Amino acid sequence: MTLTTPSDDLTAARELAEALRLTLRRLIREFRRESHDTGFSKLQLLLLVGVCERPGVGVGELARLENLRGPTVSAQINALQAAGLLERATPNPRDRRRIGLFATDKGREVIEAVRRNKTDWLTRRIAELSPQSQGAIREALGPLGELAP
């Protein structure tokens, strides 16, 4: 019987983490390629998703959530609004400085199209895998979900 030490466990975890990081990086790169035909930048899509996920979010809060500078986010929000993807809510009477952002129907359609393209790409790729590989992915979903609470 072979006993493992905590440092052996840590070394194995580090090797697994490195392999997972590289695999995820390749998958994310492919996902990004699947959203290139929208006519909007990756940053604009990121911000539009942020607004879709948090209706009523303010520009400053969105900048903090995405770890971006306020002026950068503000300029992109203005472009998204000009394109008809976002709208600004009427200011709150208690705090007229804070104006909430909401996706328009057109904005939600763009995000749904991007998500659909990514899901379709992933569906095709998974369908090419063996049943055993598909099962391994299915089994890995639970533990992978535990990594990001």
Side-chain angles (χ1 to χ4, degrees), residues 1-89 98 100-149:
M1 178 172 145
T2 305
L3 297 176
T4 61
T5 65
S7 64
D8 291 339
D9 291 344
L10 189 56
T11 299
R14 181 171 300 283
E15 289 171 0
L16 184 57
E18 182 65 17
L20 180 59
R21 185 186 63 78
L22 293 172
T23 299
L24 290 174
R25 190 171 98 191
R26 287 194 334 262
L27 279 171
I28 290 167
R29 187 179 303 130
E30 291 299 322
F31 264 15
R32 286 182 180 150
R33 288 185 185 141
E34 291 304 307
S35 61
H36 70 281
D37 291 338
T38 63
F40 300 99
S41 72
K42 291 176 177 113
L43 178 56
Q44 288 172 329
L45 292 173
L46 173 77
L47 295 173
L48 184 55
V49 166
V51 172
C52 285
E53 291 176 349
R54 298 171 202 86
V57 68
V59 173
E61 183 182 358
L62 185 59
R64 279 189 302 282
L65 288 168
E66 299 300 345
N67 200 26
L68 296 167
R69 292 181 38 238
T72 300
V73 172
S74 186
Q76 297 304 314
I77 292 299
N78 289 339
L80 290 167
Q81 185 178 10
L85 303 181
L86 289 180
E87 55 188 21
R88 296 173 191 261
R98 181 159 180 318
L101 301 170
F102 295 88
T104 62
D105 288 343
K106 181 179 177 184
R108 286 187 294 277
E109 288 170 9
V110 166
I111 294 306
E112 283 306 312
V114 168
R115 287 178 176 157
R116 200 170 31 255
N117 287 344
K118 290 178 180 186
T119 299
D120 290 349
W121 173 83
L122 193 54
T123 299
R124 288 189 305 273
R125 296 301 307 220
I126 289 172
E128 295 170 358
L129 298 174
S130 70
Q132 294 80 11
S133 292
Q134 289 180 27
I137 291 171
R138 192 172 292 107
E139 292 294 321
L141 287 176
L144 286 172
E146 293 175 22
L147 294 176

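Please read these numbers as outputs of a predicted model, since none were measured by experiment.
Applying the salt bridge (Lys or Arg N to Asp or Glu O under 4.0 Å) rule to Glu109 yields no partners; only residues at least two apart in sequence or on another chain are considered. Applying the salt bridge (Lys or Arg N to Asp or Glu O under 4.0 Å) criterion to Arg125, with sequence neighbours excluded, gives Glu128. Remark: Arg116 engages no residue in a salt bridge (Lys or Arg N to Asp or Glu O under 4.0 Å) (not counting sequence neighbours). Residues meeting the salt bridge (Lys or Arg N to Asp or Glu O under 4.0 Å) test with Glu53, sequence neighbours left out: Arg115.
Of all non-hydrogen atoms in Ala89 and Phe102, the two that sit nearest each other are CB-CE1, 3.3 Å. The two residues Leu48 and Ala103 have their closest heavy-atom pair at CD1-CB, 4.2 Å.
For the pair Val110 and Leu45, the minimum side-chain heavy-atom distance is below 4.5 Å. The shortest distance between side-chain heavy atoms of Leu101 and Leu47 does not fall below 4.5 Å. Residues Lys42 and Leu46 are not in side-chain contact: their nearest non-hydrogen atoms beyond the backbone lie 4.5 Å or more apart. Taking 4.5 Å as the limit, some side-chain heavy atom of Asp105 sits within range of a side-chain heavy atom of Arg108. No side-chain heavy atom of Leu80 sits under 4.5 Å from any side-chain heavy atom of Val51. Annotation: side chain of Phe40 is in contact with side chain of Leu85 (closest heavy-atom distance under 4.5 Å).
Lys118 contributes atom NZ, which lies 11.5 Å from atom CD of Glu30 (distance to the nearest 0.5 angstrom). Annotation: the span from Ile126 atom CD1 to Arg124 atom CZ amounts to 11.5 Å, rounded to 0.5 Å. Atom CH2 of Trp121 is separated from atom OG1 of Thr123 by 10.0 Å, given to the nearest 0.5 angstrom. Note that CG of Asp9 is 13.5 Å distant from CZ of Arg14, once rounded to the nearest 0.5 Å.
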Under 3.5 Å, which donor-acceptor pairs do the side chains of residues 19-29 form with other protein atoms, sequence neighbours left out?
{"from": "Arg21", "atom 1": "NE", "to": "Glu18", "atom 2": "OE1", "distance (Å)": "3.4"}
{"from": "Arg21", "atom 1": "NH2", "to": "Glu18", "atom 2": "OE1", "distance (Å)": "3.4"}
{"from": "Arg21", "atom 1": "NH2", "to": "Glu18", "atom 2": "OE2", "distance (Å)": "2.6"}
{"from": "Thr23", "atom 1": "OG1", "to": "Ala19", "atom 2": "O", "distance (Å)": "3.0"}

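Here the side chain of Glu66 pairs no donor or acceptor atom with the backbone of Gly50 at under 3.5 angstrom. When atom types are taken as modelled, the side chain of Lys106 and the backbone of Leu86 share no donor-acceptor pair closer than 3.5 angstrom.
For the side chain to side chain donor-acceptor pair (under 3.5 Å) condition, the pairs that include at least one residue of residues 72-83, sequence neighbours left out, are Gln44-Gln76, Asn78-Arg88, Gln81-Arg88.
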